[in-house]
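Residue numbering restarts at 1 for every chain, and letters A, B, ... go by the order of the sequence lines.
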Amino acid sequence: MIWQAEERLRRPIPQEPLTKPGSDGDGPSRPDVRRPETNELLKRMRRIDPEQARRYRQRSGE
Amino acid sequence: MGYNNPVQRLTGIETEYGLYVEGRGVADQLMEAVGVVRSCPLPAVRSWDYRLEDPRRDMRGFRVEHLEVDPHDAQIEREHPVPLSEREVRSDHALGNGARLYNDHAHPEYATPECRRLLDLIAHDKAGERIVLACARAYERQTGNRLTLYKNNSDHHGSSYGCHESYSTTREVPFEVLVANMLPFLVTRMLYAGAGKVGVEAEPNPRVPFQLSQRADFYMDIMNVETLYRRPIFNTRDEPHAPMRRYRRLHVICGDANMSEYATALKVGTTALVLDLTELGWRTPLSIPNPVREAQRLSRDTDLKWLVETDMGAMSAIDIQRAYWQAASERFAGRDAETDWLLREWQTVLDLLETDPERLADRIDWVAKRQLLTLYVESEGLSWDDPALFALDLEYHNVDPEQGLYYALVEQGQMLTLVSTEAIEQAVHQPPLDTRAAIRGLCIQRFAEQIETLNWERILLRDGNQSARLDLSRLIEIDLRELSRRLTTAPDITTFVRMVKEVQSS
């Protein structure tokens, strides 16, 4: 645990990894959106039990 | 006119997770949530000190007699009492990364440690997902029951649970000014901070198959101190977890839980910028006379015209956001790298919302979710009222990377992420080192056995016959990196305490 703390001090998260693809200065930039692998996504969505939302009931929280 | 002492702000996010246990119902949920939290595999101190908490104190200068509860939930509680004390129900775990994990109203809740930098907050918010998931998997191994965790805010049957944000701010700003500046901003920030939701819960409306916000259906009041029922847009709870004379804590309860790191960063970062403006003395030029109605209208606007009724007439929600962006840009551009990133991204997002919102599918949750659902609807030849869409909505928020649809998009490189896997893993174990959370976290890591009780503001220690109290309440605005570095090598608890007290008195 302590070793990890020291490690972090030596390697702080860089100040500016907050970047996005396609950032090109002024004005809106076009994100580098590749076409989704729709087949894979659809496969994953088809595996979802359509009844799950009907069963899912929660206590009211904050 | 500006106020004399703007704040070097701390921020935090508390998330109540939705919990589904196969074969169990809402009557069992409290005990299941307790079981999940108590299965936490990380080292923790379990004696949370509640003596400084006062959730009934209102910023308007009074205390309410009691907090309201959801009548349906109260009925469940009456009919299914649990054989546990209040403390056992809470099952608090103060973790070595400075965070707090506990059971809040039958939901496992993870409250991040106090962070100053956005990237730290994002890493700790994501670390919370991993920690709660690790608890759930440990609980599964004990019970044999299959669990699913959702980071969302609604069960689609009328129950909501929260994702709250905290921002330290100065008490110099009059309450009325704070409310006036925040309300139009909070109503309209769902344009980029909304997590998206299939349908409408308050009044099912087939003409609204999809809306921007998970939470807007549950707004009932402009402002109040409640969180469980009659939820407001502006929460007036006055619990600064810091010296009352100097600080307020803006407790934002109207927001959605975001899966997207980018959306979380923009949500928290822009809210902090509006507080910066407020502390400088800036005043918003407009107000929204009926913010509850307008927030719900905005969320449910299927034409994406996003017009809001203001005291100056109907205005585009994008233009309202632009007024805040413009004011922040004029005053804060060039201040530091994080601010410049925020101003640039805020502008880009507002421009794209106006011209081509679909291009935000790689960073804004509601757009990403809506695209996924559209793909499914078109592929399967369904209508938008098909019950399967509610299940898909839910699965977008499944925090298991192997199950969740958000994580399917991440896996395919379709979502922007801001922090590395290593940074998230580090945040599971380590506090942010520049805030008071570092003292709490390092103390838990190193001297858990000697901690009698603790909370956000203090740590009570006992070592044999000796006791000590570490008061963290005033360490809001000091950069504690140097102290943290020294604390990691303190040879014993006496030295640890001395080092902290030296900083307190300096």
Side-chain angles (χ1 to χ4, degrees), chain A, chain B residues 16 18 20 25-26 29-30 70 72-73 76 96 104-107 118-119 155-157 159-162 164 227-228 253 265 337-338 341 348 351-352 355 359 361-363 372 375-376 379 387-388 390-395 405 408 412-414 416 418 423 426 429-430 433 442 445-446 485 488:
Chain A
M1 291 295 232
I2 302 304
W3 178 85
Q4 285 179 5
E6 290 170 341
E7 181 70 5
R8 182 185 160 106
L9 282 174
R10 286 201 299 275
R11 294 191 296 107
I13 298 170
Q15 285 297 309
E16 284 190 278
L18 292 165
T19 56
K20 60 181 172 46
S23 177
D24 55 4
D26 295 337
S29 53
R30 179 171 287 280
D32 180 22
V33 178
R34 285 173 284 154
R35 285 294 299 163
E37 293 294 335
T38 53
N39 284 341
E40 279 306 309
L41 284 172
L42 282 168
K43 265 192 228 166
R44 197 143 162 176
M45 286 195 275
R46 286 179 188 130
R47 282 204 301 267
I48 291 167
D49 180 354
E51 291 296 301
Q52 175 65 355
R54 188 182 56 76
R55 287 191 297 264
Y56 180 66
R57 304 270 177 159
Q58 292 291 286
R59 295 279 301 269
S60 183
E62 291 205 295
Chain B
E16 291 177 344
Y20 177 75
V26 283
Q29 191 183 328
L30 192 150
D70 181 296
H72 179 246
D73 207 57
I76 295 172
D104 202 2
H105 298 279
H107 297 269
L118 264 183
L119 286 177
D155 70 352
H156 292 280
H157 296 285
S159 287
S160 184
Y161 34 98
H164 301 173
T227 54
L228 289 162
I253 73 161
E338 185 176 284
W341 181 86
T348 300
D351 287 346
L352 286 174
T355 56
R359 285 169 58 186
D362 64 345
R363 63 194 82 174
L372 269 177
L375 172 68
Y376 192 75
S379 157
F390 291 94
L392 264 56
D393 180 340
L394 202 52
E395 291 305 315
L405 291 178
Q412 291 196 0
Q414 296 301 316
L416 296 177
L418 302 182
Q426 189 149 322
H429 300 287
Q430 296 299 334
L433 294 179
L442 293 170
Q445 289 178 28
R446 305 202 54 201
R485 192 185 59 75
T488 57

- Max heavy-atom pairs within cutoff under 4.5 Å with chain A, candidates B:His105, B:Gln29, B:His72, goes to B:Gln29
- Message: Can you tell me which portion of A:Arg46 sits under 4.5 Å from chain B's heavy atoms? Options are side chain, backbone, both or neither.
- Response: both
- Structural part of B:Ala408 lying under 4.5 Å from a heavy atom of chain A: both
- Ranked by heavy-atom pairs below 4.5 Å to chain A, first place among B:Ala106, B:Ser160, B:Ala388, B:Pro387 goes to B:Ser160
- Looking at A:Arg59 and B:Asp73, does any basic side-chain N land under 4.0 Å from a carboxylate oxygen? yes
- Message: Closer than 3.5 angstrom, by distance alone: can the side chain of B:Ser159 be matched with the main-chain N or O of A:Gln58 as a donor-acceptor pair?
- Response: yes
- For residues A:Met45 and B:Leu375, report the shortest heavy-atom separation together with the two atoms involved. CE-CD2, 3.9 Å
- When rounded to the nearest 0.5 Å, the distance separating CG of A:Leu41 from CG of B:Leu372 is 6.0 Å
- Which distance, rounded to the nearest 0.5 Å, do you find between the NE2 of B:His157 and the OG of A:Ser60? 14.0 Å
- Note on the structure: Okay, B:His156 and chain A: the region with an atom under 4.5 Å from a heavy atom over there is neither
- Tell me, for B:Leu228 versus chain A, whether the close heavy atoms (under 4.5 Å) come from the side chain, the backbone, both or neither. both
- How many angstroms lie between atom CG of B:Leu394 and atom CD of A:Gln52, to the nearest 0.5 angstrom? 6.0 Å
